[in-house]
Amino acid sequence: MLAMASTTTWASDVKSQQTQAADIARNMANNTDTCYVEGVSDRLNCGFVTVPENPNKPDGKQIQVHYVVLPAVKNVNHEEALLAIAGGPGQSAIDNATGFDAMLSKVRQQRDILLIDQRGTGRSNLLTCDEGAQSPLSFDDDNADTLAETQKCLAKIDADVTQYGSLNAIKDFEAVRQHLGYKKLHVYGISYGTRMAQLYMRLYPAHLATVTLDGIVPMQQSVLEIGASIDRGFDLLFKDCQETTACHAQFPELKAEFDQVAASLAKAPVMENVYDPVTGEKTMLTMTRGKFYGSIRMALYQANVRALVPHAIHQAAKHNFQPILGLYSLTIDNAGMAMGMHASVVCGEDMHRITPAMREQAQHSFMGKTMLEGLEATCEVWKVPAVDDSFSEPISSDIPTLLLSGEIDPATPPSWGELAMEKLTNAKHFVAPYATHGVAYQSCANNLIADLVRSGSVKDLDGECLKKDVRRSFYLNASSVEPLDATGTKTITTDDNASTGAKE
């Protein structure tokens, strides 16, 4: 998974998701086009375009591609909008409306924010499967039969899964633009959304004013190379703790403790009764090596959650998995991703790019090996034809483009941003030294995006503000970033930042 944004539900404060969906359907039937999204208080414009599932069969099965428009506060640029593209692949842009609205608040002062549920996600013919009655906490994912589970999933999906790749989705996005009458779009893509943004640059450049790529997946890169990026993210965590005085003092053997837990779980999972991190009720936990790695991996996406990881690893080494379980709760819904659509994209656009060298590298990485084996089994069932080789060519463009990378990003490292710059002749790439994945959510980069949209130029953009130290102090225990003495009382220091080894 490349995406980091949190998800919300398509609902009002007092209505269930199902009830809201029924209301929207009635609204469409009555030619009204307003709706609410949880977390955004404004009445929004909503609708859909109807497109053929297979563009080569225009008279065949039709699907609806849904959109929501967050209207500009001051509608002075009604012929322009900013299209915000979600990550994944498989996340719903509409479900992430709250985050987009907050991050793009300055842009929204004068321009609409357009959110489109990409085909196969959210409300646009969702490709997902019921995972069954078994609790994800008790599920033994290390010994799951991926091939059989994928076959069950495909049997439940009423869709031609070969038609849910990025190229068809870009045609849908362009159909929405035409439907709404925008002459120009500013595009913001995060993570996998940067691939979609780059395809828009390639296929419909005349309709784009500016582009921002945040957490960049270059066209030349298979997303399956993420295994090495994840390992880099783990290594940076251990390095940061070692170089932070208080963290190193509290967890002097953090890497060894991590290896200890991983080795133990490789032999056999831990099964015990725990408190469910969501409901608080007693439940059975099967803690596998996959859950352990996956919990930490996803925690590295956000700086505030990353700060909890050393304590969670230390407790796991003491056979207390409750803190890791809290981190695992962040991954239970697959970050809100539609895994069927995820498979359609990756199987058609990335699997065929795996080289012998990449396979060899994956054998030395638990996450890389696990992800590659799982996707190979999935793609054997999904049977999506590979895209043409031209898909992987770098984007050649003079559209004003801002590229943003986080130095401690565990998914899309700065080197990926440099690769994307290869043929961009009117672009700037800024690396935020203290940011993880999604730089614009953690720094002044949201202001840089607003400046880019306002001026239409990267010439005067200055990334100096990204150097502000916004690191979170590592938690040294369950409730504090402060050292505790033997009685459990905070140690008093003359310099709080010196005691924690980081700045707030």
Side-chain angles (χ1 to χ4, degrees), residues 4 230-266 270 272 274-275 277 285 287-331 366-367 406-410 432-437 442 468-504:
M4 60 135 306
I230 295 170
D231 291 342
R232 174 182 177 274
F234 276 60
D235 290 342
L236 286 173
L237 172 77
F238 299 136
K239 178 175 180 287
D240 285 353
C241 183
Q242 185 177 37
E243 294 178 352
T244 301
T245 302
C247 187
H248 181 58
Q250 189 78 357
F251 313 115
E253 303 295 332
L254 184 64
K255 177 63 165 62
E257 289 181 330
F258 172 84
D259 290 339
Q260 169 197 324
V261 176
S264 176
L265 293 175
V270 170
E272 59 184 34
V274 296
Y275 289 101
L285 168 69
M287 177 54 68
T288 63
R289 183 167 52 157
K291 287 178 184 175
F292 179 64
Y293 268 87
S295 300
I296 295 171
R297 175 205 169 190
M298 294 308 298
L300 299 181
Y301 276 59
Q302 296 172 269
N304 58 338
V305 185
R306 185 179 188 265
L308 298 165
V309 173
H311 170 68
I313 292 173
H314 180 65
Q315 289 299 309
K318 296 168 66 174
H319 307 291
N320 173 19
F321 286 95
Q322 197 70 44
I324 284 288
L325 186 57
L327 300 181
Y328 177 65
S329 66
L330 301 174
T331 73
F366 172 76
M367 290 299 296
E407 179 60 40
I408 56 175
D409 187 334
Y434 307 111
T436 56
H437 193 59
Q442 307 170 49
K468 180 180 179 181
D469 193 338
V470 294
R471 284 176 291 180
R472 298 296 187 97
S473 301
F474 286 114
Y475 276 75
L476 305 180
N477 51 74
S479 59
S480 175
V481 298
E482 305 277 357
L484 301 180
D485 63 22
T487 66
T489 304
K490 288 184 181 180
T491 301
I492 304 300
T493 65
T494 56
D495 184 344
D496 283 345
N497 283 335
S499 74
T500 61
K503 297 178 181 178
E504 290 291 355

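Computed over heavy atoms, backbone and side chain alike; hydrogens, waters and symmetry mates excluded.
When atom types are taken as modelled, the side chain of Gln250 and the backbone of Leu476 share a donor-acceptor pair closer than 3.5 angstrom. For Ser264 (side chain) and Gln260 (main-chain N/O), no donor-acceptor pair under 3.5 Å exists by modelled atom type.
Here CD1 of Ile296 is found 4.0 Å from CD1 of Ile313. Values are rounded to the nearest 0.5 Å. Annotation: the span from Leu237 atom CG to Arg297 atom CZ amounts to 15.0 Å, rounded to 0.5 Å. With rounding to the nearest 0.5 Å, the separation of CD in Gln315 from CG in Leu325 is 13.5 Å. Between Asp409 atom CG and Ile230 atom CD1 the span is 10.5 Å, to the nearest 0.5 Å. Atom CZ of Phe321 sits about 5.0 Å away from atom CG of Leu265, to the nearest 0.5 Å. Put simply, NE2 on His311 and SG on Cys241 are 12.5 Å apart, with the number rounded to the nearest 0.5 Å.
The two residues Ser473 and Ala307 have their closest heavy-atom pair at O-CB, 3.3 Å. The two atoms that bring Ile324 and Ala316 nearest to each other are CG1-CB, 4.1 Å, heavy atoms only. Here the shortest heavy-atom pairing between Val309 and Ala299 reads CG2-CB, 3.6 Å. Between Ser329 and Gly326, the shortest heavy-atom contact is OG-O, 2.5 Å. Scanning both residues, Thr288 and Lys291, for their nearest heavy atoms gives OG1-N, 3.1 Å.
Within a 6.0 Å radius of CD in Glu272, more than 12 heavy atoms belonging to other residues, nucleotides or ligands are found.
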Query raised in the report: Given the rule in the side chain to side chain contact (heavy atoms under 4.5 Å, CB included) test, do Val270 and Leu285 qualify, once you have shown the distances and angles that lead to the verdict?
Result: CA-CA 8 Å; Val270 170; Leu285 168 69; over 6 Å; no
**Report entry** Stepwise side chain to side chain contact (heavy atoms under 4.5 Å, CB included) test for Asp240 and Arg471
**Finding:** CA-CA 11 Å; Asp240 285 353; Arg471 284 176 291 180; 5.8 Å; no
**Report entry** Working for side chain to side chain contact (heavy atoms under 4.5 Å, CB included), residues Met287 and Val274
**Finding:** CA-CA 11 Å; Met287 177 54 68; Val274 296; over 6 Å; no
Query raised in the report: Passes side chain to side chain contact (heavy atoms under 4.5 Å, CB included), Tyr328 versus Met298? Steps please.
Result: CA-CA 8 Å; Tyr328 177 65; Met298 294 308 298; over 6 Å; no
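Residues satisfying the salt bridge (charged side-chain N to carboxylate O under 4.0 Å, His left out) test with Asp231, not counting sequence neighbours, are none.
Residues Gln442 and Val470 fail the side-chain proximity criterion, which asks for heavy atoms closer than 4.5 Å. The closest side-chain heavy-atom distance from Thr436 to Leu300 is not below 4.5 Å.
Screening residues 241-262 for ring pair (Phe, Tyr, Trp, His ring centres under 6.0 Å), with sequence neighbours left out, gives Phe234-Phe258, Phe238-Phe258, Phe251-His314, Phe258-Phe292, Phe258-Tyr293.
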